[in-house]
J.: 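A single structure is presented below for examination.
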Amino acid sequence: MLFQLLLIVLYKASLFLLLSLSIAIIYYPTKFFNIAHAAIITLGGFITLFFYRQLGCNFYLSILIATAACSVTGMVIDLLFYRNLRFRKASSLSLLLLSLGLYVIIINIISLIWGDDPHSINTTAPGVGIELNGGYISMIQLYTILTSSFIFLGILILMKFSILGKKIKAISSNRELSDIFGINSNSVIIICYLFGSAIAGLTGILSGLDTDISPHMGFSLFLYGAVCMIISGVSTFSWLLCGVFIVSIAQTIGAYYIGSMWMDAILYIVLILFLVIKPLGFSGQRLKKVEI
Amino acid sequence: MNLIKIILCVALISLLSCKRESTIEIGSVISLTGPAGIYGKDAQKGIELALAEINAKNRNRQFSVSFEDDNTQPQRAVSALSKILMNKNIQVVIAPVGSSSFLSMCPVAEKNRIVLFATGSSSPKITNAGDYIFRNWVSDDFEGKAMANYLINSNKRSVAIFYVNNDYGKGLEDVFSKEVENKGGNITYNDNFSQDNSDFKTQLVKIKSSGADAIYLVGYSKELSKVLNQAKTLNIRIPFYSTVTFENQDVLDLSGVNAENVIYTTTEINKTKEDTLFLNFQKRFKTAFNTEPGVFALHAYDAMNIVALAITKVGYNADKIKNYLYTIQGYIGVSGLTSFDQNGDVIKPISFKIVRNGKFVFLDNQ
């Protein structure tokens with residue numbers, strides 16, 4: 001039974017890791033919470049539904065198309081909306097409100113087309129999971145854990161060894177200075193949106209395969225990812241591991257020993273504790289800002 | 001010459017006012033979206049069919065129903081009711097909504113002295129909610145007690161109850177747990193989940209290790225199918241029991257084979273016997289909407305007809321309608337016999353149904 005709980009924690013942590021990664025990649029260079037991201041998570045699930053169930057395409061092809069579509073959507077949102085506000089040096093608050101508006105519009109369009117009720121991407125109901133040492137885990141959950149580890153390692157390698165990684169760090173530190181030094185911050189930001197939205201879409205699909213999709217699934221997933229990111233701190237991506245494990249362990253323990261109503265409450269209690277005690281997050285490091 | 005013109009005008013006007021129909025407007029707050037949306041849409045079809053039939057019978061007296069959606073949220077239900085009541089002509093509101101929404105509307109109805117009629121709300125709290133409050137759906141007292149007794153009689157004495165956290169779930173949980181303990185059973189697990197929760201894994205693990213030999217699951221179809229699916233993945237072999245909200249095609253679509261052998265209670269009576277009233281209704285419903293009527297459509301259809309009957313008998317005035325409704329005994333409808341007691345409640349027998357081979361069938365037909 002303990003091992004079963006461990007499996008649940010592992011799965012949740014992987015899901016949160018993917019979520020917080022996708023948000024962090026966009027947050028680091030742009031410094032605002034992109035709520036439209038939640039809509040992109042939902043979009044991933046629904047586009048897969050459209051291609052797989054309604055058009056009858058191959059399963060893996062549908063996932064590929066959906067991920068690509070989400071990626072492009074994220075990029076388009078940046079090009080059309082955020083870039084202008086960034087150019088005019090708008091405050092983070094304005095961008096936040098804009099992203100909230102975009103979220104509402106996209107979710108309502110999804111609701112208009114597919115309705116408010118939950119849909120299932122799978123054609124058959126799930127069977128018994130794979131047994132591991134007394135605990136059960138489904139194939140989807142296993143895939144989520146593998147995908148999450150894969151992508152996480154990929155991003156770490158990218159950030160550490162590639163020039164793109166260095167550019168992202170530079171822009172996160174100080175955008176104006178990076179521009180002066182010749183790094184085209186706008187195109188790097190677009191690449192971040194491409195990556196971040198792709199991961200977000202993929203996460204939506206994985207979550208949808210595990211527990212059916214509905215128009216509002218994206219928002220709670222987004223909140224989980226955002227909380228994990230805040231708790232982890234904003235220095236490097238590797239610290240995200242701590243945040244996601246803290247959250248998933250706290251949630252699972254809380255739900256098990258206290259009650260399911262406390263799952264979300266515990267999440268926010270942990271967040272508040274961290275903001276009060278360690279406002280810079282788990283890593284406790286501030287991103288080095290170079291001031292002129 | 002002028003006199004003739006005047007006479008002609010007066011004659012014309014009186015002719016026109018004779019031909020003008022008096023349309024009686026009835027309001028309806030209904031769950032068309034949200035977790036209870038599927039039940040509301042079912043009920044709406046019942047009301048619309050009844051409306052069409054009533055209006056076809058009497059061309060001089062037309063009824064109309066204006067629907068307002070509550071999105072399965074109590075605060076929306078109250079604002080929907082307030083919006084309806086801005087039209088001072090409306091004296092009756094039929095409300096196929098969940099118990100939480102209905103209970104929140106009761107004080108508003110009482111204050112404005114209009115009749116509020118529930119067709120699918122089961123909380124025991126509605127019994128004493130007011131003088132103008134009626135319902136033709138039985139209180140949870142019956143459904144919860146019936147299932148509790150069934151489980152005890154089937155020798156399942158260690159029961160887990162997992163319910164949705166609103167008035168519907170809480171009402172049932174209260175009645176059910178008390179009855180199980182009264183009859184010598186034991187509630188090994190008692191927890192709830194919020195209306196939009198989608199992750200039940202941790203709770204299911206807890207239920208599995210609580211030693212229960214039956215799980216009473218109370219919720220709306222959205223969560224029910226998720227619980228069943230997640231339980232299957234975790235290899236939980238404990239049988240599930242549920243309530244009337246389980247009977248919905250969505251649950252079968254989303255859970256497939258995981259819904260097999262789930263037993264649940266319903267107020268629908270086994271109509272495989274000859275019941276011409278019901279069979280005719282079923283035929284007309286199918287012709288009109290191309291789908292089978294659910295149990296919520298049956299009750300809403302009866303409610304619309306009962307309200308129209310009352311209005312025809314005593315006129316469109318809330319106080320008169322209210323007093324007339326209290327006198328209704330033995331009204332024969334498609335949902336069975338309706339008799340209102342002194343609280344505006346009804347008593348109907350509870351039947352058991354089960355999922356076999358992907359279909360909802362009566363348990364005593366096995």
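Residue numbering restarts at 1 for every chain, and letters A, B, ... go by the order of the sequence lines.
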J.: Can you see which heavy atom on Ala255(A) is nearest to which on Gln203(B), and at what distance?
T.: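 Smallest interatomic distance, heavy atoms only, reads CB-NE2, 3.4 Å.
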J.: Ignoring hydrogens and geometry, is there a side-chain-to-backbone donor-acceptor pair from Asn258(B) to Pro126(A) under 3.5 Å?
T.: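 Answer holds: yes.
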J.: Under 4.5 Å from any heavy atom of chain A, what part of Asp253(B) do you find: side chain, backbone, both or neither?
T.: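 Neither part.
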J.: Which heavy-atom pair separates Ser198(B) from Thr211(A) by the least distance, and what is that distance?
T.: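 In terms of heavy atoms, the two residues are closest at O-CG2, 3.3 Å.
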J.: Find out whether Asp212(A) and Leu254(B) are in side-chain contact, i.e. whether some heavy atom of one side chain is under 4.5 Å from a heavy atom of the other.
T.: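 Yes; the side chains approach each other to less than 4.5 Å.
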J.: Pick one of side chain, backbone, both or neither for Asn192(B), based on which atoms fall under 4.5 Å of a heavy atom in chain A.
T.: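 Contact with chain A is through both the backbone and side chain of Asn192(B).
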J.: Measure distances from Gln251(A) to the heavy atoms of chain B and classify the residue's part below 4.5 Å as side chain, backbone, both or neither.
T.: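 For Gln251(A), no heavy atom lies under 4.5 Å from chain B.
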J.: Side chain, backbone, both or neither: which part of Tyr257(A) has an atom under 4.5 Å from a heavy atom of chain B?
T.: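 For Tyr257(A), backbone heavy atoms alone lie under 4.5 Å from chain B.
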J.: Does Asp199(B) reach the side chain of Lys12(A), with side-chain heavy atoms less than 4.5 Å apart?
T.: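 They are in contact (side-chain heavy atoms under 4.5 Å apart), so the answer is yes.
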J.: Before giving the answer on side chain to side chain contact (heavy atoms under 4.5 Å, CB included), spell out for Leu5(A) and Thr202(B) the whole-Å C-alpha distance, their side-chain angles and the decisive distance to 0.1 Å.
T.: CA-CA 7 Å; Leu5(A) 286 180; Thr202(B) 323; 4.0 Å; yes
J.: Looking at Tyr143(A), I'd like to know if its OH atom is crowded, meaning that more than 12 non-hydrogen atoms belonging to other residues, nucleotides or ligands lie closer than 6.0 Å.
T.: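 Counting other residues, nucleotides and ligands, OH of Tyr143(A) stays at 12 neighbours or fewer.
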J.: Picking from Pro118(A), Ser138(A), Gly115(A), which has the most non-hydrogen pairs under 4.5 angstrom with chain B?
T.: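 Among the listed options, the one with the most contacts to chain B is Pro118(A).
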J.: So does Lys201(B) pair up with Asp210(A), basic N to acidic O under 4.0 Å?
T.: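 Yes.
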J.: Please tell me if the side chains of Tyr136(A) and Lys208(B) come closer than 4.5 Å, counting only heavy atoms from C-beta onward.
T.: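 Touching, per the 4.5 Å side-chain cut-off.
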J.: Considering only heavy atoms and a distance below 4.5 Å, find which of Val9(A), Ile130(A), Thr252(A) pairs most often with chain B.
T.: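 Of the candidates given, the most pairs with chain B belong to Thr252(A).
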J.: Do Tyr256(A) and Ser209(B) have a side chain donor and acceptor closer than 3.5 Å?
T.: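 Distance-only check passes for Tyr256(A) and Ser209(B).
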J.: At a heavy-atom separation under 4.5 Å, does Asn235(B) approach chain A through its side chain, its backbone, both, or neither?
T.: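 Both parts, heavy atoms under 4.5 Å.
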J.: Taking side chain as everything from C-beta outward and backbone as N, CA, C, O, which of these in His216(A) sits under 4.5 Å from a heavy atom of chain B? Side chain, backbone, both or neither.
T.: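 Neither part; nothing is under 4.5 Å.
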J.: Take a 6.0 Å sphere around CG of Leu2(A) and say whether it holds more than 12 heavy atoms from other residues, nucleotides or ligands.
T.: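 No, the 6.0 Å shell around CG holds no more than 12 heavy atoms from other groups.
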